[in-house]
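Only heavy atoms go into these numbers, but all of them, side chains included; no hydrogens, no water, no symmetry mates. For the single chain, residues carry numbers from 1 onward in sequence order. Just so you know, these numbers come straight off a predicted model, no measurement behind them.
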Amino acid sequence: MKKGLISVMMANVICLIINVLTNFLVPKYVSIESYSLIKTYTLYIGYAGFFSLGYNDGMYLKYGGKDLNSLNKKDLADNLINYIILISLILVITFTVGCVLNDIILIAFSFGMFSYNILGYLKSLYQATGEFSSYGKALNAEKIFVFVFTLCLIFIVGTDNANWYIWTQVIVGVIIAMWLFVRLDKKMYFLSLGRIKLAEFKDNISSGIILMLGNFSSSIFTGLDRWFVKFLLTTIDFAMYSFAVSMESVINTFISPITVAMYNYFCKNPNKDDIIKVKKMSLIWGFIVIGAAFPAKFILECFLSNYILANSVIFLLFAAQVFYIIVKGIYVNIYKAEKKQNLYLKQMIAMICVGSILNAILFFFFRNMIAIAAATLITAGIWMYFCEATNNNISFTIKEHLGIIIVIIVYLFCGYNFKAIVGFFVYISTVFVIIFTLFHSTFIYVISFFKSFLKKISN
């Protein structure tokens, strides 16, 4: 597991650099209106996974915990070939509808949906089989090329047309998906074995549709706050909120190693003590990475004053990640590994209802972005504590729950009351004290973990 975490972490360092540069350069050099349109497409494409109809998720469950090289090549070829046929048919349908309606965004979405799902299949395959090095390449290839072409649009073409930026994402995504597809075949020499099999559609969709609906519900849940902002507030508000979400995606670069590597780990049935240890380490990691909100605040104060309003929601959205790293990294992966897709789906539907109600209530009273971001934080907390209550055997202790509450309160206080640099040092100092006093055994383990990691690098 350590090797997997390190591989994904290294890949995510590259992803982090690209995300930081993209998330600051694009809003700096394009208008707020164009940025809003680009982020609208990004919001839509986040739901493209629904069009896999659960096939991708069925593959994920089928190969989870297995070794890629030990898979039956004929079986894998059938699985992948039939998936490409399915996604291609859906591409034709959505493209046709887009042409009939003369909707350029829907046409772009049809191709974006295709590349999104092919890349998603490959990432899921590598994640399920523990091929974290290949996962990292699949993760970063698209981002690198989209970033390069975005730079060309900004500094060479000098365009403010949102369609250029949207189609760049679409075209690069399709090319990278095909490249990775061919690359996998060169590694395994298996695609020529694949045949069209109706049974493949039935088996994958029937086993994966519940998980897909859970993941789709997760996408709805994740984008719930942005839909409220988009429909109830102004275009400028949506641009500001989307910028804050883009900053939130930066820390996801550091959180995704947990959410990605844990599924393969839990498929191997670790004991309760090991799960608790990993869970505490994940929480500590969450405490540390949300500190990235302070550098984001500093950049807003000094270089992106046009988006300074986003600062009011960044700290609330970042704080929610402390809860999400436990829910999505630990509990959701346990549900998947134990084939409890129905439980996952039920929880997602319940959280969508809770989130919708909280967003509506807080917006009704305050009518601003902060209210919607606060609803997001509260919902995340409710979800984690619900998981804790229903999984008593691996739940945090009372003093650990106290530590979480103290960290969140100090974090928000520093974020809203201090300048970025001062707030950062006060917060990090507090986190260190909390970890050392309330998570002492885990703190010692983390230190030894990083010592062994650094020793491995030096050798």
Side-chain angles (χ1 to χ4, degrees), residues 45 47-97 107 109-139 141-142 145 170-213 215-216 260 263-264 267 336 339 341:
I45 204 66
Y47 301 106
F50 173 78
F51 293 91
S52 73
L53 304 180
Y55 190 108
N56 181 16
D57 304 275
M59 176 277 295
Y60 184 72
L61 294 172
K62 181 179 182 179
Y63 297 135
K66 298 180 181 178
D67 181 80
L68 180 63
N69 294 315
S70 69
L71 298 180
N72 183 296
K73 290 186 178 182
K74 175 70 168 59
D75 181 71
L76 179 60
D78 289 342
N79 197 287
L80 182 51
I81 291 295
N82 285 275
Y83 183 67
I84 291 173
I85 292 171
L86 173 65
I87 296 302
S88 297
L89 288 173
I90 296 174
L91 183 155
V92 171
I93 294 170
T94 53
F95 175 77
T96 302
V97 173
I107 293 173
F109 175 84
S110 66
F111 289 98
M113 176 277 303
F114 176 83
S115 64
Y116 180 96
N117 281 299
I118 296 299
L119 286 169
Y121 181 99
L122 294 172
K123 291 176 187 176
S124 295
L125 175 64
Y126 293 141
Q127 180 182 347
T129 57
E131 291 284 324
F132 296 113
S133 176
S134 296
Y135 173 86
K137 292 173 183 175
L139 177 69
E142 181 188 16
F145 282 96
V170 172
I171 294 170
V172 170
V174 172
I175 293 172
I176 295 299
M178 293 297 95
W179 173 68
L180 289 172
F181 176 81
V182 172
R183 192 171 180 272
L184 178 63
D185 186 46
K186 286 185 176 180
K187 176 181 179 180
M188 300 188 66
Y189 299 102
F190 72 110
L191 285 177
S192 61
L193 304 174
R195 297 292 183 271
I196 298 175
K197 294 175 64 176
L198 294 179
E200 203 69 32
F201 293 105
K202 177 180 178 296
D203 293 342
N204 281 275
I205 292 174
S206 61
S207 64
I209 192 165
I210 298 298
L211 179 57
M212 181 277 292
L213 290 173
N215 289 332
F216 179 64
V260 168
Y263 173 66
N264 183 265
C267 283
K336 291 177 182 178
K339 304 295 188 291
Q341 298 95 296

S.K.: Just jot down the side chain to side chain donor-acceptor pair (under 3.5 Å) partners of Tyr121, sequence neighbours excluded, or say none.
M.R.: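 Side chain to side chain donor-acceptor pair (under 3.5 Å) check on Tyr121 returns Asn79.
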S.K.: Just so I know, are the side chains of Asn117 and Tyr83 near enough to count as touching, which here means a heavy-atom distance under 4.5 Å?
M.R.: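 In short, these two side chains touch, coming nearer than 4.5 Å.
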S.K.: Tell me the closest heavy-atom pair linking Asn82 and Asp78, and the distance in Å.
M.R.: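 Heavy-atom minimum between the residues: ND2-O, 2.6 Å.
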S.K.: Begin with the C-alpha distance, continue with both residues' side-chain angles, and end with the deciding distance and a verdict on side-chain contact (heavy atoms from CB on, under 4.5 Å) for Phe95 and Phe114.
M.R.: CA-CA 11 Å; Phe95 175 77; Phe114 176 83; over 6 Å; no
S.K.: Looking at CG of Leu53 and CD1 of Ile87, how far apart are the two atoms once the value is rounded to the nearest 0.5 Å?
M.R.: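 So the CG of Leu53 and the CD1 of Ile87 are separated by 7.0 Å.
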S.K.: Looking at Thr94, Ile93, Ile90, which hits side chain to side chain contact (heavy atoms under 4.5 Å, CB included) with Ser110?
M.R.: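 In the set Thr94, Ile93, Ile90, the residue that makes a side chain to side chain contact (heavy atoms under 4.5 Å, CB included) with Ser110 is Thr94.
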S.K.: If you count every heavy atom of other residues, nucleotides or ligands that lies below 6.0 Å from Tyr47 atom OH, does the total exceed 12?
M.R.: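 Yes - once you tally the heavy atoms of other residues, nucleotides and ligands closer than 6.0 Å, there are more than 12.
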S.K.: Roughly how far apart are Thr96 OG1 and Ile107 CD1, rounded to 0.5 Å?
M.R.: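 With rounding to 0.5 Å, OG1 (Thr96) is 9.5 Å from CD1 (Ile107).
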S.K.: Rounded to the nearest 0.5 Å, what separation is found between the CG atom of Leu91 and the CG atom of Leu86?
M.R.: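 Here the rounded value is 11.5 Å.
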S.K.: Which residue is it: Ile175, Ile176, Ile171? I am looking for the one with a side chain to side chain contact (heavy atoms under 4.5 Å, CB included) to Phe145.
M.R.: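 Exactly one option meets the side chain to side chain contact (heavy atoms under 4.5 Å, CB included) with Phe145, and it is Ile176.
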S.K.: Of all residues at least two apart in sequence or in a different chain, which pass the ring-ring contact (aromatic ring centres under 6.0 Å, His included) check with Tyr116?
M.R.: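 Tyr116: no ring-ring contact (aromatic ring centres under 6.0 Å, His included) contacts found.
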